[in-house]
Asks: 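This structure is in structure tokens; I'll ask about it shortly.
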Number of protein chains: 2
Amino acid sequence: MDETGARTGAQGGAQQAGAGAGRSRGTVTQRAIERIKAMIGQGLLEPGQRLPTERDLAAELGISRSSMREAIRALTVMGVLEARHGSGIYVTRLEAGDLLETFGVVADLSRGPRLVELLEVRRVLESTAAALAAARITPDRLAEVERHLTAMNATDDPEEILAHDLAFHREIAAAAGNDTMAAILEGLSSRTFRARVRRGCQEEGAFARTRREHAAIHRALAARDPDAARAAAAAHVAEVEEWLRGQAGG
Amino acid sequence: MDETGARTGAQGGAQQAGAGAGRSRGTVTQRAIERIKAMIGQGLLEPGQRLPTERDLAAELGISRSSMREAIRALTVMGVLEARHGSGIYVTRLEAGDLLETFGVVADLSRGPRLVELLEVRRVLESTAAALAAARITPDRLAEVERHLTAMNATDDPEEILAHDLAFHREIAAAAGNDTMAAILEGLSSRTFRARVRRGCQEEGAFARTRREHAAIHRALAARDPDAARAAAAAHVAEVEEWLRGQAGG
DNA sequence: GCGCCACAGTGGTCGGACCACCTCCGTGGT
DNA sequence: ACCACGGAGGTGGTCCGACCACTGTGGCGC
């Protein structure tokens, strides 16, 4: 639409002129990200709502589709947007689970001393969640916890054990009634993370102990005893923590 | 290198054929993200190390530069990679602060009941951090805490108060000796988040109370009393939590 | 009335071009 | 011999235009 040569000064020239306090900082993509994020923050974009097309969005912000796509991709991995092929781009429900999905990569990529820190955080949150769950858990959810506990003890398949182990803790976290906390714990217990820890831990015959600890947590929940549940959960995580501390140099 | 017409079946044809268990799931960009993440996870890419150029990377994975750029952008916002214009792409130090930077958007985008959940998490972590800090804090760091405390009380400028408030809590979190926990708290106390809460809270004359609570936390730290520090920090956050609970429908 | 298919719209991918920026090294001076 | 300057090459950042794969919906035929 405009002369091709004008593109040279597009970023520095045309944009900066219009604003005294305008922030032309960073890349255009970065600005697009902030812009969309702001739209959602201001309530202009409701959860679940569909956005204009990439092409329209790009035109609206005066950037190319490539840059806009990068911005959308960024917001997608953040769990803010969701792109459905052939349909459109939508705002997620913006619930804790959506936004904290990336949290798992932290656990996956952390190493050495960081793992201990991660477990320390998990110990604090997991024990709190257990205490809350002890006070609030419903009978049928408690039954579900019990189901995973027995299923975990009934099989030898490490894969299946891990799955039930995860479900066991997930159910407790959900019962605590704080979705945000549950989502963080979910990330802290990401599959590859647990698998990595368990691989070594399990070999040292520490398996029976894990079974006992899980049973203790379940007992506390059944007895609706928050303090006992907190202590049991803390001890459970602390065990792994202690093992890891000795393992990876602490 | 290959016939242009072959592009048609590139995604569905060539890839899926070669693998029984191979995961050709999702978009090429998604695969590229997983691939690079895996490289880092396996230690092939060390923190701080420089990656090949976008062009080489794209060629290596057999995708276009556009797609590779989207993958890089995604990993950039996750805090895993860092792109320096004109220089290259580097792996971050992969420290807690880098990886948990996105955590702030959760606080910024959360609304209603979620904010209470967020504060509940913060209360748990903040009180734990305070307790740890009480046991570990060094004299000069304690002096720094004190400095922010007095500076916060010495001015009327809301902007400056907020800055010192943030620094006050940040210093305590850092003194706890758990960078991961500190990084999470940093996100939970993101600037826009605090500003949003304070705006309303401050008006109701709850300012003097905040001052007292901060003083109580500082006293507990100076006395090296973990229990008192934990209680004071929990009470401090609980105040805001309570106010918010009544505000946004609880 | 029901099911099927063609069509238009959308995100996904690609290749190439150019710009802004950084890095490094060679040149020139002192 | 040393340092300051400057250009060349390489890198990420941006843009464009095209095409593919998928989805949704409408109309057509049965």
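Each chain gets a letter, A, B and so on, in the order the sequences are listed, and its residues count up from 1.
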Asks: A/R73 has an atom CZ; how far is it from atom P of C/dG12, in whole Å?
Replies: 6 Å

Asks: Throw together a table of side-chain donor-acceptor distances under 3.5 angstrom for residues 169-178 of chain A, partners on residues two or more places apart or in other chains.
Replies:
unit_1, atom_1, unit_2, atom_2, d
A/H169, ND1, A/E126, OE2, 2.9
A/H169, NE2, A/D165, OD1, 3.3
A/H169, NE2, A/H214, NE2, 3.2
A/H169, NE2, A/H236, NE2, 3.3
A/R170, NH1, A/E186, OE1, 3.0
A/R170, NH1, A/E186, OE2, 2.5
A/E171, OE2, A/R141, NH1, 3.1
A/N178, OD1, A/T180, N, 3.1
A/N178, OD1, A/M181, N, 2.9
A/N178, ND2, B/E117, O, 3.4

Asks: With sugar-phosphate meaning primed atoms plus P, OP1 and OP2, does A/I63 contact a base, only sugar-phosphate, or nothing at under 4.0 Å between heavy atoms?
Replies: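 Result for A/I63 = sugar-phosphate.
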
Asks: Can you measure B/L61 atom CG to C/dC14 atom C1' for me and round it to whole angstrom units?
Replies: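 My rounded result for the distance is 15 Å.
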
Asks: Quick one: B/L75 CG to D/dG12 P, roughly how many Å, whole number?
Replies: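 Taking atom P of D/dG12 as the reference, CG of B/L75 is at 14 Å.
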
Asks: Could you list the residues that satisfy side chain to side chain contact (heavy atoms under 4.5 Å, CB included) with A/E46, not counting sequence neighbours?
Replies: A/Q49

Asks: How many whole angstroms separate atom OH of B/Y90 from atom C1' of D/dG10?
Replies: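 These atoms are roughly 11 Å apart.
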
Asks: Report, as a single string ordered 5' to 3', how protein heavy atoms within less than 4.0 Å touch nucleotides 4-11 of chain C: B base, S sugar-phosphate only, - not at all.
Replies: -----BBB

Asks: Just the rounded figure in Å: distance from P of D/dG13 to CG of B/L57.
Replies: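 The answer, rounded to whole Å, is 13 Å.
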
Asks: Rounded to the nearest angstrom, tell me the gap between atom CE in B/M68 and atom P in D/dT11.
Replies: 15 Å

Asks: Is a donor-acceptor contact shorter than 3.5 angstrom present between the side chain of A/T29 and the base of D/dG13?
Replies: no

Asks: Tell me, please, which residues at least two apart from A/R147 pass side-chain hydrogen bond (donor to acceptor under 3.5 Å, both in side chains).
Replies: A/E144

Asks: Only counting residues at least two apart or in another chain, list the ones meeting side-chain hydrogen bond (donor to acceptor under 3.5 Å, both in side chains) with A/E159.
Replies: A/R191

Asks: Show which side-chain atoms of residues 69-83 of chain A pair as donor or acceptor with protein atoms under 3.5 Å away, not counting sequence neighbours.
Replies:
unit_1, atom_1, unit_2, atom_2, d
A/R69, NE, B/E70, OE2, 2.7
A/R69, NH1, A/E54, OE1, 3.4
A/R69, NH1, A/E54, OE2, 2.6
A/R69, NH2, B/E70, OE1, 3.3
A/R69, NH2, B/E70, OE2, 3.2
A/E70, OE1, B/R69, NH2, 3.3
A/E70, OE1, B/R73, NE, 3.1
A/E70, OE1, B/R73, NH2, 3.2
A/E70, OE2, B/R69, NE, 2.7
A/E70, OE2, B/R69, NH2, 3.2
A/R73, NE, B/E70, OE1, 3.0
A/R73, NH2, B/E70, OE1, 3.2
A/T76, OG1, A/I72, O, 2.7

Asks: Looking only at atom types and distance, does a side-chain atom of B/R123 sit under 3.5 Å from a main-chain N or O of B/E241, one as donor and one as acceptor?
Replies: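 No, the answer is negative, given that no donor and acceptor are paired below the 3.5 Å cut-off.
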
Asks: Respond yes when some side-chain nitrogen or oxygen of A/S67 is under 4.0 Å from OP1 or OP2 of D/dC15, and no when none is.
Replies: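 Yes.
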
